Amino acid sequence: MNIAASSLPPGPLMIDLAGLEPSPEELRRLAHPAVGGVILFARNYRDSAQLAALVQAIRSARPGPLVIAVDQEGGRVQRFRRDGFTPVAPMRRLGDEYERDPEQAVALAYDVGLVIGAELAAHGIDLTFAPVLDVEAGVSAVIGDRAFSDDAGVVARLAQALVAGLTMMGVRAVGKHFPGHGAVAADSHETLPVDSRPFGAIWQRDLVPYRHRLLRSLAGVMPAHVRYERCAPEPAGFSAFWLGEVLRARLGFRGAVLSDDLGMAGAGAAGDDPRARVAAALSAGCDLALVCNRPDWVGHLLEAAWPEETADVIARRTGLLGSPRIPDPFELELFEPYLQARERVRDWSQRNVWF
C-alpha cells in the first residue's frame, strides 16, 4: 500500500490480542498498513476501566483509524458480561416472546439492541458481530438458541429492531452467517459443513432476512464457512458466486463483507497456508479477513507484500467505524433511555434463565 502514515486507512486484516493490554509487538502490528481492525474476546476483558484503557491503547497505536469489534450477541456468545455490561438472554427467547406477543417482542428486541449498543459505544467499541440471521432448523448445535426463530420472517423482523437499537447508539451491526448456517449439523469451527439443498430452497428460507429491508441497516455481513455444494464449489466466504453474484449483484448489498475466522477448520478448503486463505477470501469479495488465535500467522502475513486497494474497498471498511452517542461509561448512568431499556432487558433475561 502506498499511503501516507498520517492518514493510514484500515487495512484488510482484522487481528486479535493475547491479553488485557497490548504487548510491544502487538502495538507494532497494529500500526502496520495491512491491519484494519481488532476483534476482542473475553480474555481481553477484566472490568470497565481496563476495557476503556485497552481501547484507548489500541487507538493510540496507529496514525489512522482501526475498527474495534466484538461478538456481543447475548446468550452464550457475549464476551463482556459484568461491570458495565448487562447479561442478555439468548436471541431464541425473543423468538419465543414473539410467538406470545409480536409487538412486545419487537419492542424488546429494540431494547436489547439499545442496551448492547450503549454499553459497547461507551467503551469505544465500533461494532458487534450480531445479529445472527441464521434460520433455526433444529439440527445445528453451534447455532441453536443463537438464532431468533425457525421462521425466517420473524428472524428478519426481530433482527431489524435489534439493529435499530444498536444504530441509535452509534454501534455498527454485522449480520451472520450468510447465506445461512442453520440447516447444517456440523460446526465450522471443527470441520467444513456441507449443505446439499438447491439454491431455490436457500433463497426461499435462509436468504429471507437478507432479502428484507434489514439488509440496508447492516454495516457488514459475515459469510459462513459452509459449502453449498449444489450452488458453488467453494464455501461461501471464498465464493465469488455468493459474495459477488448473490450478495452484491442480486441483493444489492453495499456494506462491508468480513470473513469468519480464517483459522477455523471450515476455512481449510482454501488451503493450509494463511496467505492462501486470506487471498482467497479477499479475491472472492471480502473486505476484511479475520485471523484469530494465530499470532504466528499474523506475523507471517504482515511480512507479505500487499497490493494497492480501491477507494470503494477502503470506504466500506471505514463505514464500519462507530459514531458513539455515549462517550464514556459514566454517562450511561445519566442516560434515561438506556436505564429504562436496561431494566426491561434485565427483567426479561432473568425470566429466561440461560446461564
Side-chain angles (χ1 to χ4, degrees), residues 40 42 45 47-48 51-52 69-133 136 143-149 154-176 209 214 217-218 322 324-355:
L40 300 178
Y45 176 69
D47 56 42
S48 176
L51 179 61
V70 67
D71 287 293
Q72 195 80 345
E73 301 173 11
R76 54 195 155 104
V77 183
Q78 186 174 0
R79 308 306 187 195
F80 311 144
R81 294 178 182 266
R82 60 189 181 277
D83 190 36
F85 290 91
T86 303
V88 175
M91 295 301 98
R92 178 63 204 208
R93 302 291 81 79
L94 281 173
D96 295 341
E97 195 77 34
Y98 191 94
E99 293 178 7
R100 294 187 289 270
D101 187 337
E103 297 308 316
Q104 174 65 25
V106 169
L108 188 54
Y110 177 83
D111 285 341
V112 168
L114 188 149
V115 169
I116 291 174
E119 293 170 353
L120 293 178
H123 291 84
I125 310 296
D126 293 300
L127 71 84
T128 175
F129 288 106
V132 169
L133 300 180
E136 213 277 317
I143 300 300
D145 64 3
R146 295 166 66 192
F148 289 101
S149 175
V154 173
V155 171
R157 191 174 183 200
L158 292 174
Q160 184 180 28
L162 189 144
V163 170
L166 290 170
T167 303
M168 179 61 69
M169 294 295 100
V171 169
R172 307 303 181 220
V174 175
K176 60 188 183 185
L214 157 70
S217 303
L218 298 175
R325 181 170 178 180
I326 304 295
D328 62 62
F330 301 103
E331 290 203 16
L332 280 179
E333 296 306 319
L334 303 174
F335 186 53
E336 195 62 30
Y338 162 74
L339 297 176
Q340 294 175 4
R342 183 179 65 181
E343 286 307 305
R344 291 190 289 268
V345 170
R346 279 178 171 173
D347 178 66
W348 166 72
S349 293
Q350 289 168 0
R351 288 187 281 108
N352 291 277
V353 176
W354 53 274
F355 45 83

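Small disclaimer: the values here were computed from a predicted structure and weren't measured.
Judged purely by atom type and a 3.5 angstrom limit, Glu73 has no side-chain atom pairing as donor or acceptor with the backbone of Pro131. Side-chain N or O atoms of Asp83 include one that pairs as donor or acceptor with a backbone N or O of Ser48 at under 3.5 Å. Between the side chain of Asp347 and the main chain of Glu343, no donor-acceptor pair closer than 3.5 Å is present. No side-chain donor-acceptor contact under 3.5 Å links Lys176 to the backbone of Ala130. In this structure, the side chain of Glu97 does not engage the main chain of Leu108 through any donor-acceptor pair within 3.5 Å.
Between Phe85 and His123, the ring center distance clears the sub-6.0 Å criterion.
Side-chain contact between Leu166 and Met168 is absent, with no heavy-atom pair separated by less than 4.5 Å. Arg346 has its side chain out of reach of Arg351: every pair of non-hydrogen atoms, C-beta onward, lies at least 4.5 Å apart.
Nearest heavy-atom pair across Gln72 and Phe80 is NE2-O, 2.9 Å.
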Salt bridge (Lys or Arg N to Asp or Glu O under 4.0 Å) between Asp145 and Arg76, worked out:
CA-CA 9 Å; Asp145 64 3; Arg76 54 195 155 104; 3.1 Å; yes

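To the nearest 0.5 Å, the span separating OG1 on Thr167 from CG on Leu114 amounts to 10.5 Å. Atom CZ in Phe148 sits 7.5 Å away from atom CG in Leu133 (nearest 0.5 Å). Distance CE/Met91 to OG/Ser149: 13.0 Å, rounded to 0.5 Å.
Side-chain atoms of Tyr338 and Glu119 include a donor-acceptor pair closer than 3.5 Å. At a cut-off of 3.5 Å, with distance as the only test, no side-chain donor of Tyr45 or Arg82 sits close to an acceptor on the other residue.
Exactly one of Val88, Leu158, Val154 qualifies for a side-chain contact (heavy atoms from CB on, under 4.5 Å) with Leu94. That residue is Leu158.
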